[in-house]
Amino acid sequence: YDENGNETEWISQVWDELNWINNYRWIHTFDGNGYQTEWISQQWDGSDWLNQTQAIITWEANGNLIQFLVNDWIASAWVGFRREISTDDANGNRTEHRYEKWDGENWINDSQWFYTYDANGNESEIRYQKWDGENWVGNYQGFSTFDANGKLTVKQYQTWDGANWVNDDRYLHTYDANGNETEYQRQ
């Protein structure tokens, strides 16, 4: 642990019926605000720790995620594997989260999420799209309705059938005068 109580190293061992043997190790790095900025996973080969995966994490000053980059250790170097990029609005609400894959030369689109909020900051809409190699294609979306107290009353999901949005699961929530959920119904 570091001086702020953040776990900086974690080791997993297995019992071989005689001894505890190293298995995996995770090394964590934190910035001055306590946000994790990197982790590295390593596997024990019997005499040394070998790099496996690395994540580099970038944060805004307010603690919102900007980028999560995952690299694999290949031929003595870190090589890109996956990248997640987030965008937030002025209120700190996540509005977009995009996934990309490394193809050996470039980051290529994979999927993305979009989020919309009502005037009270409740997440009212979520959309998921996949990259088909040329265009973003709708795949899934959800709409939420809230009561005057900010309690979720309806959550409606839809899937894309290639031509139209088709209603999928719908969830209804009912509350008593104290705000306790009294009924949950899936339609």
Side-chain angles (χ1 to χ4, degrees), residues 6-7 10 12 23-31 33-43 49-118 121-146 152 154-171 186:
N6 297 308
E7 184 177 74
W10 189 86
S12 166
N23 190 19
Y24 285 97
R25 174 169 77 167
W26 288 267
I27 302 167
H28 307 275
T29 305
F30 298 85
D31 67 14
N33 294 317
Y35 300 126
Q36 187 172 10
T37 57
E38 180 183 37
W39 59 255
I40 295 173
S41 68
Q42 298 176 321
Q43 187 172 18
W49 292 107
L50 302 177
N51 289 332
Q52 297 289 306
T53 306
Q54 172 197 50
I56 299 172
I57 309 161
T58 308
W59 303 92
E60 292 179 351
N62 64 5
N64 287 337
L65 177 70
I66 297 173
Q67 180 173 276
F68 187 85
L69 174 66
V70 178
N71 297 310
D72 286 333
W73 185 258
I74 300 174
S76 302
W78 292 115
V79 177
F81 173 69
R82 180 187 66 178
R83 178 167 72 171
E84 300 176 26
I85 302 169
S86 295
T87 305
D88 301 312
D89 64 18
N91 296 319
N93 296 314
R94 172 139 319 135
T95 56
E96 180 181 347
H97 194 85
R98 186 174 67 247
Y99 295 85
E100 299 173 336
K101 296 179 188 174
W102 183 251
D103 73 356
E105 295 181 19
N106 300 295
W107 290 105
I108 57 170
N109 293 325
D110 180 57
S111 60
Q112 62 186 2
W113 292 88
F114 291 97
Y115 307 89
T116 304
Y117 301 86
D118 65 18
N122 298 308
E123 183 182 286
S124 58
E125 182 179 343
I126 184 171
R127 289 182 291 128
Y128 175 70
Q129 299 174 329
K130 289 287 290 175
W131 183 252
D132 72 0
E134 295 181 15
N135 299 294
W136 290 107
V137 177
N139 188 283
Y140 164 89
Q141 62 186 11
F143 301 95
S144 299
T145 305
F146 299 86
L152 177 66
V154 180
K155 184 82 165 185
Q156 174 70 60
Y157 294 103
Q158 297 177 327
T159 53
W160 183 251
D161 70 1
N164 299 295
W165 288 105
V166 178
N167 285 337
D168 202 359
D169 292 334
R170 179 179 169 156
Y171 301 91
R186 178 180 176 197

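Throughout, numbering of the chain's residues begins at 1 and tracks the sequence. All values reported here derive from a predicted model rather than from experimental measurement.
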Can you tell me if [X] uses its side chain to pair, donor with acceptor, with the backbone of [Y] under 3.5 Å?
X: D31; Y: N33; result: yes
X: N62; Y: N64; result: yes
X: T87; Y: T95; result: no
X: D161; Y: A163; result: yes
X: D103; Y: E105; result: yes
X: T29; Y: T37; result: no
X: D132; Y: E134; result: yes

Testing the 3.5 Å rule here: is there a donor-acceptor pair between the side chains of [X] and [Y]?
X: S111; Y: K130; result: no
X: E125; Y: Q141; result: no
X: Q158; Y: N167; result: yes
X: N139; Y: Q129; result: no

Check: Counting heavy atoms not belonging to K101, are there more than 12 under 6.0 Å from its NZ?
Finding: no
Next item on the list: Mark yes when over 12 heavy atoms from residues, nucleotides or ligands other than F81 sit less than 6.0 Å from its CZ; otherwise mark no.
Entry: no
In Å and rounded to the nearest 0.5 Å, what is the [atom1] to [atom2] distance from [X] to [Y]?
X: L69; Y: Q54; atom1: CG; atom2: CD; answer: 7.0 Å
X: W131; Y: N109; atom1: CH2; atom2: CG; answer: 5.0 Å
X: L65; Y: W59; atom1: CG; atom2: CH2; answer: 5.0 Å
X: D110; Y: Q112; atom1: CG; atom2: CD; answer: 10.0 Å
X: W165; Y: Q156; atom1: CH2; atom2: CD; answer: 12.0 Å
X: W26; Y: Q52; atom1: CH2; atom2: CD; answer: 10.0 Å

Check: Relative to the ring of W39, is the ring of F68 parallel (under 30°), tilted (30 to 60°) or perpendicular (over 60°)?
Finding: tilted
Next item on the list: Hey, can you tell me if Y115 and W113 have their rings parallel, tilted or perpendicular (30° and 60° cut-offs)?
Entry: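 Ring orientation, 0 to 90° scale: parallel.
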Any heavy-atom pair between the side chains of [Y] and [X] that's under 4.5 Å?
X: I40; Y: W73; value: no
X: N6; Y: H28; value: no
X: T53; Y: D72; value: yes

Next item on the list: Hey, could you give me each pair passing salt bridge (Lys or Arg N to Asp or Glu O under 4.0 Å) that has a residue in residues 76-90? Not counting sequence neighbours.
Entry: R82-E84, R83-E100, D88-R94
Looking at every non-hydrogen atom in both residues, tell me the closest pair between [X] and [Y] and how far apart they are.
X: E60; Y: Y35; answer: O-CE1, 4.3 Å
X: D118; Y: S124; answer: N-OG, 3.7 Å
X: F30; Y: E7; answer: CE1-O, 3.2 Å

Checklist line | Worked check of side-chain contact (heavy atoms from CB on, under 4.5 Å) between W107 and W102 | finding: CA-CA 5 Å; W107 290 105; W102 183 251; 3.5 Å; yes
